[in-house]
Every structure is written in structure tokens, then in C-alpha cells.
Amino acid sequence: MKFKSIKGTKDILPGEAEVWQRVEESIRHVMSLFNYREIRTPVFEQTSLFSRSIGELTDIVSKEMYTFTDRSEESITLRPEGTASALRAYIQHNVGEQSALTKLYYIGPMFRQERPQAGRLRQFHQFGAEALGSSSPQLDAEMMLVALAVYRDLGIEEFALNVNSVGCRTCRPPYKELLVNALNNVRDKLSPESQARIGQNPLRVLDSKDDHDRELTRNVPLMKDHLCPECADHFKEVQALLQSSGTPFHIDGRLVRGLDYYTKTAFEITSTALGSQDALAGGGRYDILVEELGGKPTPGVGFAAGMERLMMVLSKAGKAGMPDVRPVLFIATNGAAAQQWAFTTANALRSKGFRVEIDYLQRSLKAQMREANRMEARYALVIGETELQARSAKLKNMQTGDEEGVALDQIDRALTTL
RNA sequence: GCGGCCAUAGCUCAGUCGGUUAGAGCGCCAGGUUGUGGCCCUGGAGGUCGUGGGUUCGAGACCCACUGGUCGCCCCA
């Protein structure tokens with residue numbers, strides 16, 4: 001085999017692609033119920049858009065981006081997530097001037113250069129939503145409800161919603177000082193990764209998966225207990241809204257997202273059916289991001305959800321069924337004239353909405369019937385010279401084996417009534 | 001970036017202690033039915049045994065490297 005797909009990329013072949021279509025339909029359906037409008041942005045952007053929004057010190061920017069220089073020496077990056085591009089477009093086209101509140105969604109491929117493993121590819125797919133222009137906690141809650149509605153629409157039940165607040169420009173700096181002080185007391189006993197993070201992003205030490213780190217930071221102060229009045233109210237509101245909508249959730253005071261731009265609400269939906277890569281979706285509020293990207297100060301919330309992981313959950317739950325792709329009719333012919341007739345008739349029937357297939361390989365009638373059976377056609381029309389002349393052919397029910405005569409100009413009617 | 005496991009037909013896999021021409025099931029093609037699928041029977045096509053090197057009289061098997069896959073670590077969707 002000469003060419004192979006690039007490491008960490010995957011072909012979605014027929015059979016699986018139809019399941020993707022179904023999932024995409026669910027996403028579009030739910031998004032339209034919540035009145036989100038689709039936005040499609042380029043898959044690459046200038047590198048600084050991502051480094052500025054996501055954060056220089058995050059794993060994504062520091063080691064996972066697909067960055068290259070194009071022929072005009074500009075640094076280009078394949079988008080590692082969707083929010084930065086959506087906001088860039090929002091700002092660039094002054095979308096905020098046209099309406100005070102903008103609700104957007106996207107579906108598409110994202111790129112991160114990591115070691116592939118279960119539920120993690122280098123080209124993967126996310127869907128997500130962004131609501132720009134309001135700081136209402138209702139939108140924070142809505143983000144979680146949108147994601148959960150998609151999962152529910154697909155019949156998935158095994159998930160957990162974790163919520164936290166990471167504060168804002170007012171309350172985070174003083175808290176950070178508190179936290180760093182506490183962490184410094186145990187600094188020497190922490191894992192090397194966590195030690196490095198004390199200086200860079202101390203919040204991240206909290207969600208270290210290292211058991212020893214967890215134990216050492218057991219009694220360290222948490223952001224949610226040191227919020228400013230505004231953030232505390234907001235967080236309370238979000239919880240109340242989730243409760244009143246009957247959405248079970250856990251408060252996880254250690255939850256920190258891997259992107260720097262979050263303020264106030266941060267949340268994560270994990271699947272209890274997956275292995276170590278169990279995050280289905282994540283998101284939160286980013287009230288300072290639009291401004292940081294050069295737009296007018298505009299509050300926003302959003303989330304992103306992994307589609308490969310969603311597919312994994314679906315197949316584990318036995319719900320990765322695909323839509324019906326079986327033809328209604330297979331026209332099996334004998335002789336050149338009949339084959340000609342089949343070609344034009346198939347097209348006429350297709351324009352009337354019937355899924356019809358014919359033989360393109362000059363196969364024997366037997367082989368054509370075998371093909372009709374293989375693709376599980378509901379009916380086969382058997383036609384040769386005699387039938388052509390008689391203007392009547394045999395229509396065979398492939399399930400029962402029954403055959404009955406049908407006039408050539410009545411085929412569409414026969415297919416609808418049968 | 002680090003570690004474990006794996007790589008034989010389109011797919012799933014077997015291949016003993018290193019020994020002659022590398023197998024099975026499924027799938028595919030054809031015939032058994034000169035114009036009828038499925039079930040059955042018969043036959044056929046299909047292999048760089050991941051790549052390169054080494055050990056050996058002899059390597060699919062043993063050793064090394066590389067590549068890829070997979071699972072995990074870090075982190076994330």
C-alpha cells in the first residue's frame with residue numbers, strides 16, 4: 001500500500017459516516033431549538049489568534065498546535081479549538097453591532113498534535129456554541145442544557161456534569177495569592193509538574209490527577225469559597241437554574257479548564273462509559289476574551305464537545321445505528337435494450353423520490369439478483385426483451401420472493417402501494 | 001515528549017521446537033439453474049508474513065532498529 005492516512009487521522013467510511021450524519025442532525029436540531037445560528041470559519045488562522053486567546057502557557061499552545069509558515073512567511077495554525085475563530089469572526093464583522101445578543105454554533109474538525117490514543121486524534125471533531133453579549137447566568141446554564149439536550153436526543157444517559165466558578169479579574173488575583181501561599185507550604189512534596197505550575201497557573205495544581213498531590217492539597221483554599229460578591233451571586237444563580245431545570249450536577253471546586261480565558265463559570269461533562277479520555281464536553285464563561293482579542297468589552301459563554309467521544313459512547317450503548325440506506329428497487333436486466341431502459345427509468349424514479357439502483361457491470365441476471373439481495377433492496381424489477389415489448393415486467397418482493405406483473409408506466413405507483 | 005502490548009489474505013485470526021509449496025472462517029467472483037437473490041454444494045481469485053538489517057544450512061517464527069497501530073502517562077474534546 002503506497003499511501004496511508006497521517007498518524008492520528010482517521011477515515012470515516014460508509015457505514016460509520018451515516019452515523020455521523022445522524023449525530024450532526026441531532027446537533028443541528030437541538031441548536032435550532034435553542035435558536036443558535038451556525039457559523040463556519042476557516043480551519044486555519046494566524047497563529048497569534050490562538051496563542052493570545054487560549055494562553056501561551058497552556059498545553060495546547062505550548063506543545064500541541066499544528067503551526068507552520070506559509071509561502072509568505074506568515075505563521076499559520078490549524079485551529080485547535082473553535083472559540084477563538086468564532087470570536088475573531090464575530091469581532092471582524094461587527095456582528096455585535098447588529099444585535100445585542102448573538103448565539104452561534106459550529107461543527108467541524110480541530111487539530112492538535114498529540115500522541116493518539118482512545119478518544120484522542122490529531123484531527124478530531126467538535127461541536128460547540130457561543131453566546132455573546134450577555135452576562136446572564138441563564139446563558140451559562142443554557143450552555144450545559146444545550147450539550148445535555150444533544151446527548152439526550154441521541155439516547156445517551158450515562159454522563160456527569162461538574163460545575164465550578166473560577167472567579168474574575170476582581171477576585172482571582174487575591175485568591176491566587178492565598179493559594180500560592182498554601183501551595184508553597186507543601187511545595188517540595190508536590191510532583192514536578194505541579195511545582196512548575198505554582199508559578200505559571202497555580203489553579204491547575206488543584207486538578208492534578210496525582211494522588212499524592214491530591215492528598216497534599218486537601219485543605220488548600222478553593223476559588224469557589226473566595227469569590228467576590230458578584231461572582232458568588234452568579235455562581236449561586238447558575239446552580240439554582242440547573243436545579244430548577246431538573247439537571248443533576250456536582251460542584252467540583254477543583255475543576256479548572258485547560259484554557260486560560262475562562263471567568264466565573266467553568267463546567268465539564270464526563271461520560272461514565274468511557275476510559276481515561278472521559279471528557280465529553282467542556283466550557284464556561286469568558287467575559288474578558290472578546291476585549292482581549294480586540295473587540296469591544298463583551299461578555300460571553302460557550303462550550304465545546306468532542307464528537308469522536310460521543311461516537312464512542314453511542315457505540316458502547318449500542319445506539320450507533322445508522323439510517324436506512326437500502327434501495328427500494330433494484331432493476332435487474334437482461335440484454336442491452338433493457339439495460340438502456342433501466343438507466344433512464346432509474347433516473348425517472350429517482351426524481352420521484354425513490355432510491356433505485358441498477359447494474360453497471362454487465363453482470364448476469366443471477367449476479368444482479370445477488371447484488372440486489374446484498375444491498376437489501378426491497379424489490380427487484382426483472383426486465384428483458386420480452387418484458388420491454390410487452391410493456392410489463394415482473395416486480396419481485398425480495399423478502400417474500402413473490403413476483404407479480406407490473407406495467408412499465410405504473411412502477412412508481414406499484415412501489416408506493418406495495 | 002515517555003511507557004506497555006501488537007503487526008500473517010479485503011475482515012477476524014491460526015501457524016507447535018526455526019524445517020518442504022503459509023492456512024481457516026467470513027467476505028468477494030464464478031458454476032451447480034441456457035432469465036431470478038437468500039440456504040446448500042463445487043471451484044476460483046486474493047499474501048512483499050509492516051519495512052530494513054542480523055543470527056542460521058534454513059526465519060512468518062529468534063535478535064536489533066525503524067515505521068505504523070493500539071492502550072496508558074501528561075493533558076484534553
Side-chain angles (χ1 to χ4, degrees), chain A residues 1-10 13 15 54 57-65 79-83 107-128 147 191-194 196-197 201 204 207-210 213 255-259 268-271 274-283 302-313 330-335 338 359 361 363-388 393-403:
Chain A
M1 204 176 301
K2 199 163 183 185
F3 296 109
K4 285 197 295 193
S5 53
I6 301 290
K7 182 195 191 95
T9 67
K10 199 172 155 295
L13 299 174
I54 298 168
L57 295 174
T58 60
D59 284 0
I60 293 178
V61 172
S62 63
K63 56 180 199 190
E64 296 170 0
M65 293 206 304
R79 62 179 184 195
E81 54 108 42
T83 300
I107 304 181
M110 306 293 162
F111 307 84
R112 290 181 203 174
Q113 188 161 178
E114 298 179 87
R115 189 73 179 267
Q117 69 185 70
R120 184 202 294 161
L121 291 169
R122 290 186 170 185
Q123 174 174 340
F124 60 104
H125 299 77
Q126 289 186 334
F127 68 93
S191 65
E193 292 85 5
S194 290
R197 280 186 195 129
N201 187 346
R204 291 277 302 283
D207 78 344
S208 168
K209 268 105 194 160
D210 186 302
D213 285 357
L255 174 64
V256 181
R257 311 258 56 243
L259 295 76
E268 185 170 82
I269 300 172
T270 55
S271 167
L274 290 185
S276 67
Q277 312 300 322
D278 65 349
L280 275 181
F303 80 93
M307 295 182 64
E308 277 79 6
R309 290 180 190 178
L310 176 49
M311 299 295 298
M312 287 168 76
V313 174
F330 189 99
I331 303 179
T333 65
N334 184 38
D359 172 63
L361 299 172
R363 283 182 281 197
S364 66
L365 186 66
K366 179 187 182 129
Q368 292 181 54
M369 293 302 289
R370 194 159 48 226
E371 182 64 19
N373 183 63
R374 203 175 59 80
M375 53 179 63
E376 297 182 89
R378 292 230 306 276
Y379 296 96
L381 185 79
V382 182
I383 181 161
E385 302 297 334
T386 27
E387 288 84 357
L388 258 189
K394 277 169 280 182
L395 189 62
K396 180 169 189 168
N397 181 324
M398 294 297 283
Q399 202 113 61
T400 63
D402 297 339
E403 280 187 358

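The analysis underlying the following values was restricted to heavy atoms, covering all of them including side chains, and did not include hydrogens, waters or symmetry mates. The sequence lines fix the lettering, A, B, ..., with proteins before strands; numbering per chain opens at 1.
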Worksheet item: What nucleotide, of C75(B), C29(B), U36(B), holds the atom closest to the side chain of Glu114(A)?
Response: C75(B)

Worksheet entry | Flag, side chain of Arg79(A) to backbone of Phe111(A), donor-acceptor distance under 3.5 Å | no

Worksheet item: When only distance counts, do a donor and an acceptor, one from the side chain of Ser364(A) and one from the base of G35(B), lie under 3.5 Å apart?
Response: no

Item to complete: Say whether, by atom type as modelled, one donor and one acceptor occur between the side chain of Gln123(A) and the main chain of Pro109(A) under 3.5 angstrom.
Response: no

Worksheet item: Heavy atoms under 4.0 Å, any strand shown: does Glu403(A) hit a base, just sugar-phosphate, or nothing?
Response: base

Worksheet item: If you check every side-chain atom of Arg115(A), which of A77(B), U36(B), G72(B) has the closest atom?
Response: G72(B)

Response to the item:
Rounded to whole Å, the CE-P distance (Met369(A) to C29(B)) equals 15 Å

Discussion item. In this structure, how many angstroms lie between the P atom of C39(B) and the NZ atom of Lys366(A), rounded?
Written reply: 13 Å

Discussion item. Using atom C1' in both nucleotides, what's the gap between C6(B) and U12(B) to the nearest angstrom?
Written reply: 15 Å

Discussion item. Which nucleotide wins on minimum distance to the side chain of Leu365(A), given the candidates U36(B), C29(B), A77(B)?
Written reply: U36(B)

Discussion item. Measuring only the P atom in each nucleotide, how far is C63(B) from C5(B)? A whole number of Å is fine.
Written reply: 12 Å

Worksheet entry | Residue pair Asp213(A) / Ser191(A), side-chain donor-acceptor N/O under 3.5 Å | yes

Practice prompt. Could you state the atom-to-atom distance from CG of Leu388(A) to C1' of G35(B) in whole Å?
Written response: 14 Å

Worksheet item: What are the two closest heavy atoms between Ile383(A) and Leu388(A), and how far apart are they?
Response: CD1-CD2, 4.1 Å

Discussion item. What's Asp59(A) touching, base or sugar-phosphate or nothing? Going by heavy atoms closer than 4.0 Å.
Written reply: sugar-phosphate

Worksheet item: So, does the side chain of Lys396(A) form a donor-acceptor pair with the base of U36(B) at under 3.5 Å?
Response: yes

Fill in: Arg120(A), nearest nucleotide to its side chain (from C75(B), A30(B), G35(B))
C75(B)

Fill in: Arg309(A) or Arg374(A), whichever maps to the more 5' nucleotide of RNA chain B
Arg374(A)

Fill in: Sugar-phosphate only, base, or nothing, as touched by Ala372(A) at under 4.0 Å among non-hydrogen atoms
nothing

Response to the item:
Closest to the side chain of Asn373(A), out of C76(B), G38(B), C73(B), is G38(B)

Item to complete: Using the C1' atoms only, state how far A14(B) lies from G53(B), rounded to an integer number of Å.
Response: 28 Å

Discussion item. If I pick the P atom on A59(B) and the same atom on U21(B), what distance separates them, to the nearest angstrom?
Written reply: 11 Å

Fill in: Sugar-phosphate only, base, or nothing, as touched by Arg112(A) at under 4.0 Å among non-hydrogen atoms
base

Worksheet item: For Gly82(A), which contact category applies under a 4.0 Å heavy-atom criterion: base, sugar-phosphate, or nothing?
Response: nothing

Worksheet entry | Partner nucleotide of C76(B) by Watson-Crick or wobble geometry (both distances under 3.5 Å) | none

Worksheet item: What integer distance in Å separates Arg122(A):CZ from C76(B):C1'?
Response: 15 Å

Worksheet entry | Base-pairing mate for G68(B) - Watson-Crick or G-U, with both contacts under 3.5 Å | C6(B)

Discussion item. Please check: side-chain N/O of Arg112(A) versus main-chain N/O of Pro80(A), any donor-acceptor pairing under 3.5 Å?
Written reply: yes

Item to complete: Among G35(B), U36(B), C75(B), find the nucleotide with the atom closest to the side chain of Glu387(A).
Response: G35(B)

Worksheet item: Is any side-chain nitrogen or oxygen of Arg370(A) closer than 4.0 Å to OP1 or OP2 of A30(B)?
Response: yes

Discussion item. Of the listed nucleotides (C74(B), C71(B), U36(B)), which one gets closest to any side-chain atom of Arg197(A)?
Written reply: C74(B)

Worksheet item: Which value, in whole Å, describes the distance between the C1' atoms of nucleotides U8(B) and C2(B)?
Response: 30 Å

Worksheet item: Considering only G68(B), U36(B), C73(B), which nucleotide approaches the side chain of Gln117(A) most closely?
Response: C73(B)

Practice prompt. Can you establish whether the number of heavy atoms outside Ile6(A) located under 6.0 Å from its atom CD1 is more than 12?
Written response: no

Item to complete: Using modelled atom types only, decide if a donor and an acceptor are shared between the side chain of Glu308(A) and the backbone of His125(A) within a distance under 3.5 Å.
Response: yes

Worksheet item: RNA chain B: Ile383(A) or Val256(A), which has the more 5' nearest nucleotide?
Response: Ile383(A)

Response to the item:
In whole angstroms, the gap separating P of U36(B) from CG of Leu381(A) amounts to 16 Å

Item to complete: Name the nucleic acid region contacted by Thr58(A), choosing base, sugar-phosphate or nothing; use a 4.0 angstrom heavy-atom cut-off, strictly under.
Response: nothing

Worksheet item: CD of Glu64(A) versus P of C74(B): gap in Å, rounded?
Response: 13 Å

Discussion item. Between U70(B) and C64(B), how many Å separate the two C1' atoms, rounded to a whole number?
Written reply: 22 Å

Worksheet item: For Leu280(A), which contact category applies under a 4.0 Å heavy-atom criterion: base, sugar-phosphate, or nothing?
Response: sugar-phosphate

Practice prompt. Assign Ile54(A) to base, sugar-phosphate, or nothing according to its heavy-atom contacts below 4.0 angstrom with the strands shown.
Written response: nothing

Fill in: Check: Arg120(A) side chain, Arg115(A) main-chain N or O, donor-acceptor pair, under 3.5 Å
yes

Worksheet item: How would you label the contact of Gly128(A) with the nucleic acid (heavy atoms, under 4.0 Å): base, sugar-phosphate, or nothing?
Response: nothing

Worksheet entry | Whole-Å distance separating the CG atom of Asp278(A) from the C1' atom of A77(B) | 11 Å

Discussion item. Under 4.0 Å, counting only non-hydrogen atoms across every strand here, what does Gln399(A) touch: a base, just sugar-phosphate, or nothing?
Written reply: base

Item to complete: Return the value, rounded to whole Å, for the distance between atom CG of Leu121(A) and atom P of U70(B).
Response: 8 Å

Fill in: Selected nucleotide, minimal atom distance to Lys63(A) side chain, candidates C74(B), G37(B), C75(B)
C74(B)

Worksheet item: If you check every side-chain atom of Lys7(A), which of G69(B), C76(B), G37(B) has the closest atom?
Response: G69(B)

Item to complete: Using the P atom as the reference point in each nucleotide, state the distance between U36(B) and G31(B) in Å, no decimals.
Response: 11 Å

Worksheet item: With distance as the sole test, does Arg363(A) use its side chain to make a donor-acceptor pair with the main-chain N or O of Gln368(A) at under 3.5 Å?
Response: no

Discussion item. For the P atoms, the ones on G15(B) and on C62(B), what distance do you get once it is rounded to whole angstrom?
Written reply: 12 Å

Worksheet entry | Assigned partner base of C13(B), Watson-Crick or wobble definition, under 3.5 Å | G23(B)

Worksheet entry | C62(B) pairs with, by Watson-Crick or G-U criteria that keep both distances under 3.5 Å | G54(B)

Fill in: Mate of U42(B) where both pairing distances stay under 3.5 Å, Watson-Crick or G-U
A30(B)

